[in-house]
Amino acid sequence: MTAAPYDFRAIESEVQSVWVKNDAFRAEELAGAEKYYCLCMLPYPSGSLHMGHVRNYTIGDVLSRYKRMQGFNVLQPMGWDAFGLPAENAAIKNDTAPAKWTYANIEEMREQLTSLGFAYDWSREVTTCRPEYYRWEQWFFTQLFEKGLAYRKMAVVNWDPVEQTVLANEQVDADGRGWRSGAKVERREIPQWFLKITDYADELLEELDRMDGWPDAVRTMQRNWIGRSEGVEFDFQIAGRGDQPADVTEDGLADSIRVYTTRPDTVAGVTYMAVAAEHPIARAAAKYSPEVAGFIKSCADAGTSEAALETLEKRGVPLGYEALNPVTGERIPVWCANFVLMSYGTGAVMAVPGHDQRDFEFASKFGLPIKQVVQSSKSPSGIEDGAFLDKQDTVTINSGAFDGLDFPTAFEKTAEHLVLHANGAKKVNYRLRDWGISRQRYWGCPIPIVYDEDGTPHAVPETELPVKLPEDVAYSGVNSPIKEDPGFYETTVPGTGKPGTRETDTFDTFFESSWYYARYCSPDADSMLDERANYWLPVDQYIGGIEHAVLHLLYARFFHKLMRDVGLVESDEPFTRLLTQGMVIAETFYRDADGKPEYFTRDELELERDDKGRISGATLKADGKPVSVGRIEKMSKSKSNGVDPLAMIERYGADTVRLFSMSDSPPHQSLEWKEGGVEGMHRFLKRLWREIDDLDAADGDFDPADLSEAELDLRRKTHETIAKVTDDIERRMTFNTAIASMMELFNELSRFKPQGDAGRAVAHEAASALVRLLQPFVPHATHALWEKLGYTTALLNEAWPEVDEDALKRDAISLVVQVNGKRRAEVSVASDASKEECEAVALANEDVQRHVGDATVRKVIVVPGRLVNIVAN
RNA sequence: GCCCGGGUGGCGGAAUUGGUAGACGCAGCGGACUUAAAAUCCGCCGACGAAAGUCGUACGGGUUCAAGUCCCGUCUCGGGCACCA
């Protein structure tokens with residue numbers, strides 16, 4: 001008998017056409033059925049699917065198909081995060097309009113997703129660059145504007161002085177130079193739109209405690225990002241410039257500098273102050289001092305990213321002003337420093353070099369005094385080697401009236417003093433800043449605002465929405481085409497008919513991705529959302545990259561609360577469970593070319609391996625000369641280490657690609673793409689195909705009491721596997737271990753030689769369970785195998801297999817026996833043996849006796865079902 | 001710089017609540033089949049040791065009858081840091 005070979009191409013295309021014919025994945029709002037909304041982060045349509053997408057979407061598809069077999073009414077939609085910078089870059093490079101490029105990419109990528117067999121309801125597809133989609137976020141923005149939750153203020157951007165344009169952080173290289181011009185970027189302030197996410201800071205923070213379906217790491221990151229702190233805001237009086245009294249009127253200044261601190265207990269240790277370059281007092285000082293003026297100017301040459309600012313060499317200059325320490329009354333110098341930012345807090349900080357490491361380093365560098373005011377109450381020590389940061393078991397010193405106090409008392413007493421004598425107030429602060437949503441780019445959703453002649457903003461009324469982004473554009477340079485198009489920006493002020501100017505900035509693309517999950521519920525609604533949103537929401541399972549742990553996932557949570565507060569949704573949170581998957585990585589190969597690495601793809605190389613099979617070297621096929629073996633890194637075009645999913649599907653089939661992407665690592669860890677591993681999974685599917693074809697199995701009844709030892713063993717393995725795979729998918733989401741245990745069952749099934757009707761029935765039970773367990777991972781091949789097993793139903797609608805508890809029972813179990821914690825023997829005991837019986841059997845074992853020898857048994861620990869540890873000396 | 005995560009055989013990883021370290025797969029080695037190769041099948045596979053056994057989860061300490069798992073410190077790799085998405 002020759003089995004039909006595993007022809008994955010024919011199988012996959014046939015099974016996919018059955019799904020299309022039956023419209024198998026359309027989701028409807030069914031009363032009575034429990035809903036399950038499974039969502040993967042939507043892709044940016046870059047042109048082709050990469051392995052990161054394959055991994056992400058396979059996870060979602062496995063969960064969707066699993067839940068469907070569990071009887072849930074499943075929604076799994078897909079769409080396109082279609083606005084963004086890459087389309088503009090491609091447009092400038094290739095001289096095509098971003099819209100055309102984007103729509104072509106979407107067509108291509110939709111086809112690629114289909115070829116992987118993902119169970120999407122394409123009737124709900126959302127494309128964020130379509131006016132049908134973005135008109136609703138424009139409408140929503142106008143609602144926020146009316147409520148005062150959207151407002152305009154000055155904010156810092158990267159300015160390229162050569163290109164005369166704003167740059168994204170990504171477009172600024174490590175040296176602070178613009179990527180196209182190579183010119184040093186400058187910080188510049190322009191007016192921009194913001195959403196008041198800080199109004200929701202407390203709710204966003206508190207809710208995190210209850211979100212137990214989210215990974216702890218993500219919740220911790222969000223907590224730290226929001227950064228709630230309790231402290232005191234108060235004033236330092238300006239004493240004057242050097243010996244001179246403050247001439248407040250001449251300098252046009254307030255007579256004080258306001259600061260915020262979480263450590264009022266250390267105010268006595270404040271030995272200087274530092275203000276931002278943009279602070280009014282710094283500007284005033286610049287009038288007297290060319291040095292200060294020069295310093296302020298130099299502070300503008302820096303990027304705007306936090307990493308860039310924090311790693312900057314700490315520089316500063318004294319302003320000549322002095323301030324009065326409100327606790328000690330001492331005169332302390334006021335400096336201007338490049339690490340203080342006007343946009344954070346009050347734009348000024350009090351410096352406590354004794355108890356803050358950054359202040360300590362700055363003071364050491366510039367010879368400023370360092371004063372200790374807190375010390376350990378257990379082992380007091382000095383601060384010669386660095387700041388003393390502890391707050392527990394401490395006592396205040398050198399603090400006059402506030403000496404001898406622990407942290408909470410010192411905090412309270414000093415705070416009281418500051419409230420009374422320094423215009424102080426206790427204050428809760430957040431690290432979280434309001435969300436800046438303006439982008440000076442073309443390929444985004446236009447902000448629906450018109451400015452009148454005074455520059456006052458007016459929201460575009462609902463009847464005039466959407467404000468359409470012109471799609472047929474040409475670039476004259478790098479600047480946004482709508483900023484140079486009077487046909488776009490010349491308009492009239494709503495309601496007045498007077499001439500007005502349209503806003504030419506567009507929304508941050510996180511704006512679109514903050515509510516798309518809700519639009520999938522009612523994609524054709526003639527309003528932002530309709531009642532269907534409350535049927536499906538919240539999303540039961542959200543899946544995407546860990547890189548979105550803070551920004552996207554926080555903005556989406558914020559947006560959901562905004563939508564709730566205008567009555568669009570009822571739930572408080574958008575995503576009940578979250579799975580953050582790791583990156584897909586691969587080896588890199590490079591040569592040094594003028595100090596910069598030049599990367600090569602694997603196909604261009606001949607690899608050498610050592611006797612253990614490790615890659616020991618590589619040569620370029622083209623010239624036969626060696627190439628360096630680099631690190632294993634995230635797949636990317638720039639490192640030439642990407643593996644094309646389509647090529648893999650062509651060679652091995654979608655089922656193999658899906659199976660490998662789930663088998664080799666747990667989903668939250670990075671996955672190394674290895675062709676050998678892919679071949680292993682392909683081999684497994686071929687064996688499975690052949691084995692089930694050859695299997696001497698038949699559906700039928702058997703009496704468990706009459707089964708042989710081998711038959712009982714296979715049944716136990718079958719049901720243990722059902723239990724394990726179910727738990728691995730449902731609770732642990734460790735798909736790699738689920739696959740490993742299915743392979744174990746398969747190995748046992750292929751060793752099993754059925755004898756008689758009962759044997760054939762037990763084999764059939766195992767095969768039937770295995771095919772159903774595999775369906776979420778390998779939906780095409782299992783669809784066909786299900787028919788081979790004699791069923792006429794569609795596998796994807798079958799019920800998930802259930803565990804037969806009776807099949808799991810066993811008579812005897814083995815116990816490991818340790819002597820003083822070292823494994824010495826293994827003994828067999830009845831599965832219901834008591835602790836005493838286990839102990840007796842263990843002590844009677846001769847290997848155990850030999851190791852105990854003459855020693856006295858002090859203690860015996862019995863861990864039921866696992867081991868016995870005998871402590872003897 | 002700050003926040004978060006990781007580090008286990010030749011490799012990816014398993015060990016779920018502190019209880020047998022190395023499941024499953026890859027690579028490698030040996031064998032069967034074959035004119036031969038591929039494919040397939042069977043076996044071996046952490047280190048040292050003749051064996052008994054000893055050692056072994058990045059490194060240094062600690063807690064415990066028992067530590068890959070918990071605690072303290074260090075090194076190192078990765079993710080994020082607000083205009084990449």
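Order of the sequence lines sets the chain letters (A, B, ...), proteins ahead of strands, with each chain counted from 1.
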Quiz item: What nucleotide among B/A82, B/G78, B/G12 has an atom nearest to a side-chain atom of A/Met583?
Solution: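 From the listed options, B/G78 comes nearest.
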Exercise. Could you label the plane-to-plane angle of the A/Phe684 and A/Phe746 rings as parallel, tilted or perpendicular, counting under 30° as parallel and over 60° as perpendicular?
Key: perpendicular
Quiz item: So, are A/Glu313 and A/Lys365 salt-bridged, with charged N and O less than 4.0 Å apart?
Solution: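 Salt bridge: yes.
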Exercise. Please work out if A/His851 contacts a base, only the sugar-phosphate, or nothing of the nucleic acid, heavy-atom cut-off 4.0 Å.
Key: sugar-phosphate
Quiz prompt | A/Asp216 or A/Glu170, whichever maps to the more 5' nucleotide of RNA chain B | solution =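 Final value for this comparison: A/Asp216.
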Quiz item: Reckon A/Leu815 touches a base, only the sugar-phosphate, or nothing at all at heavy-atom distances under 4.0 Å?
Solution: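 A/Leu815: no heavy atom of the nucleic acid under 4.0 Å.
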Quiz prompt | RNA chain B: 5'-proximal contact among A/Val218 and A/Arg631 (nearest heavy atom) | solution =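 Nearer the 5' end of the strand: A/Val218.
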Exercise. Could you verify whether a donor N or O on one side chain and an acceptor N or O on the other, from A/Glu170 and A/Trp179, lie under 3.5 Å apart?
Key: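 Side chains of A/Glu170 and A/Trp179: no pair found under 3.5 Å.
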Quiz item: If you write RNA chain B from 5' to 3' in dot-bracket form, with Watson-Crick or G-U pairs under 3.5 Å, [ ] for crossing pairs and | for pairs with another strand, what do you get?
Solution: (((((((..(((......[....))).(((((.......))))).(((....)))..(((((..]....))))))))))))....
Quiz item: Do A/His682 and A/Phe8 have their ring centres less than 6.0 Å from each other?
Solution: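 Ring centres of A/Phe8 and A/His682 closer than 6.0 Å.
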Exercise. Would you mind classifying the nucleic acid contact of A/Ala549 as base, sugar-phosphate or nothing, using non-hydrogen atoms under 4.0 angstrom?
Key: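 Nothing: the residue A/Ala549, judged by heavy atoms under 4.0 Å, touches no strand.
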Exercise. Answer syn or anti for B/G49, where the cut-off is 90° from 0 on the glycosidic torsion.
Key: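 Judged by the O4'-C1' to base torsion, B/G49 sits in anti, the angle falling more than 90° away from 0.
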Quiz item: Counting side-chain heavy atoms from CB outward, which of B/C84, B/A82, B/G12 is closest to A/Leu85?
Solution: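 Taking heavy atoms from C-beta onward, the closest nucleotide is B/C84.
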Quiz item: Judged by modelled atom types alone, do A/Tyr516 and A/Glu137 share a side-chain donor-acceptor pair under 3.5 Å?
Solution: no
Quiz item: How far does the C1' atom of B/G61 sit from the matching atom of B/G10, given to the nearest Å?
Solution: 31 Å
Exercise. Determine the contact category for A/Gly436: base if any of its heavy atoms lies under 4.0 Å from a base atom, sugar-phosphate if only primed atoms, P, OP1 or OP2 are that close, otherwise nothing.
Key: sugar-phosphate
Exercise. For A/Arg187 and A/Asn158, run side chain to side chain donor-acceptor pair (under 3.5 Å): C-alpha distance rounded to whole Å, both residues' side-chain angles, the deciding distance at 0.1 Å, then the answer.
Key: CA-CA 5 Å; A/Arg187 279 196 300 199; A/Asn158 298 303; over 6 Å; no
Exercise. Please measure how far the C1' atom in B/G60 lies from the corresponding atom in B/A67, and state the result in whole Å.
Key: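 After rounding to an integer number of Å, I get 16 Å for this pair.
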Practice problem: Would you mind classifying the nucleic acid contact of A/Gln192 as base, sugar-phosphate or nothing, using non-hydrogen atoms under 4.0 angstrom? | Solution: base
Quiz prompt | Separation of atom CZ in A/Phe735 from atom C1' in B/G12, rounded to whole Å | solution = 18 Å
Practice problem: Report the distance from atom CG of A/Leu553 to atom P of B/G79, rounded to the nearest whole Å. | Solution: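 Value for this atom pair: 18 Å.
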Self-check item: Whole angstrom value for the distance that separates P of B/U16 from CD of A/Glu730
Solution: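 After rounding, the gap between these two atoms is 20 Å.
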Quiz prompt | Check ion pair A/Asp173-A/Arg177 (N to O, under 4.0 angstrom) | solution = no
Practice problem: Report the nucleotide, chosen from B/A82, B/A85, B/G12, that has the shortest atom-to-atom distance to any side-chain atom of A/Ser305. | Solution: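 Nearest to the side-chain atoms of A/Ser305, counting from C-beta on, is B/A82.
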Self-check item: Pairing of A/Arg690 and A/Asp693 as salt bridge, 4.0 angstrom limit
Solution: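 A salt bridge is absent here (no side-chain N lies under 4.0 Å from a carboxylate O).
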Exercise. Could you tell me the separation between the CG atom of A/Asp664 and the C1' atom of B/C11, rounded to a whole number of Å?
Key: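 Taking atom C1' of B/C11 as the reference, CG of A/Asp664 is at 10 Å.
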Exercise. Just call it for A/Arg850: base, sugar-phosphate, or nothing, with non-hydrogen atoms closer than 4.0 Å on any strand.
Key: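 It contacts sugar-phosphate atoms only.
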Quiz item: For residues A/Asp81 and A/Thr509, is any side-chain donor paired with an opposing acceptor at under 3.5 Å?
Solution: no
Practice problem: Encode nucleotides 19-24 of chain B as B, S and - characters from 5' to 3', where the letter depends on protein heavy atoms closer than 4.0 Å: B to the base, S only to sugar-phosphate, - to neither. | Solution: BB--BS
Is there any protein nitrogen or oxygen under 3.5 Å from a nitrogen or oxygen in nucleotides 40-43 of chain B, and what are the pairs?
unit_1: B/C41; atom_1: OP1; unit_2: A/Arg687; atom_2: NE; d: 3.2

Quiz item: Any donor-acceptor pair under 3.5 Å between the side chain of A/Lys822 and the base of B/U54?
Solution: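 Such a pair does not exist between side chain and base.
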Practice problem: Using whole Å, report how far NE2 of A/His668 lies from P of B/G6. | Solution: 7 Å
Practice problem: Nearest whole angstrom, please: distance from the C1' of B/C26 to the OH of A/Tyr652. | Solution: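 Interatomic distance, OH of A/Tyr652 to C1' of B/C26: 12 Å.
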Practice problem: Report, as yes or no, whether the 6.0 Å neighbourhood of atom CZ on A/Arg866 holds more than 12 heavy atoms from other residues, nucleotides or ligands. | Solution: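 12 or below, so no.
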Quiz item: When you compare B/G46 with B/U35, how far apart are their P atoms, in angstrom units rounded to a whole number?
Solution: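 Here B/G46 and B/U35 have their P atoms 36 Å from each other.
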Self-check item: Whole-angstrom distance between B/U20 and B/U69, as gauged at atom C1'
Solution: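 My reading of the C1' atoms in B/U20 and B/U69 gives 15 Å.
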Quiz prompt | Between P of B/G1 and CG of A/Asn338, the distance in whole Å | solution = 16 Å
Exercise. Side chain of A/Met221 only, please: which of B/A85, B/C4, B/A82 is the nearest?
Key: B/C4
Quiz item: What is the nucleic acid contact for A/Phe510, judged by heavy atoms within less than 4.0 Å: base, sugar-phosphate only, or nothing?
Solution: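 A/Phe510: base contact, heavy atoms under 4.0 Å.
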Self-check item: Length of the CG-C1' vector between A/Leu195 and B/A82, whole Å
Solution: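 One finds 13 Å between C1' of B/A82 and CG of A/Leu195, rounded.
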Quiz item: Should the pair A/Arg651-A/Glu679 be classified as a salt bridge under the 4.0 Å nitrogen-to-oxygen rule?
Solution: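 Here A/Arg651 does not pair with A/Glu679 in a salt bridge, since their nearest N and O are not under 4.0 Å apart.
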Self-check item: B/C42 and B/C24, which share atom name P, separated by this distance in whole Å
Solution: 13 Å
Practice problem: Output yes when A/Lys724 and A/Asp727 qualify as a salt bridge under the 4.0 Å nitrogen-oxygen rule, no when they do not. | Solution: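 Salt bridge: no.
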Quiz item: Nearest of B/G1, B/C65, B/A14 to any side-chain atom of A/Pro666?
Solution: B/A14
Exercise. Would you verify whether the NZ or CZ of A/Arg431 falls within 45 degrees of the ring axis of A/Trp225 while also being under 6.0 Å from that six-membered ring's centre?
Key: yes
Quiz item: When all nucleic acid strands are considered with a 4.0 Å heavy-atom cut-off, which category describes A/Trp225: base, sugar-phosphate, or nothing?
Solution: base
Quiz item: If you measure from the Lys or Arg side-chain nitrogens to the Asp or Glu carboxylate oxygens, is any gap between A/Asp160 and A/Arg180 under 4.0 Å?
Solution: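 No, no charged N to carboxylate O under 4.0 Å.
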Quiz item: For A/Gln171, which contact category applies under a 4.0 Å heavy-atom criterion: base, sugar-phosphate, or nothing?
Solution: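 If one applies the 4.0 Å heavy-atom cut-off, A/Gln171 turns out to touch nothing in the nucleic acid.
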Quiz item: Base, sugar-phosphate, or nothing: which does A/Lys724 touch, judged by heavy atoms less than 4.0 Å apart?
Solution: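 Contact class for A/Lys724: base.
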Quiz item: Looking across every strand, which nucleic acid part, if any, lies under 4.0 Å from A/Val157 by heavy atom: base, sugar-phosphate, or nothing?
Solution: base
Quiz prompt | Selected nucleotide, minimal atom distance to A/Thr509 side chain, candidates B/C65, B/A82, B/A85 | solution = B/A85
Practice problem: Name the closest nucleotide to the A/Pro86 side chain, picking from B/C81, B/G78, B/A85. | Solution: B/A85
Quiz item: Taking the same atom, P, in B/A14 and in B/C70, what whole-Å distance lies between them?
Solution: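 Their P atoms lie roughly 15 Å apart.
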Quiz item: Do A/Asp508 and A/Trp435 meet the criterion of a side-chain donor-acceptor pair at a distance under 3.5 Å?
Solution: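 Yes.
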Practice problem: Taking atom C1' in both B/G1 and B/G18, compute the distance separating them and give it to the nearest angstrom. | Solution: 37 Å
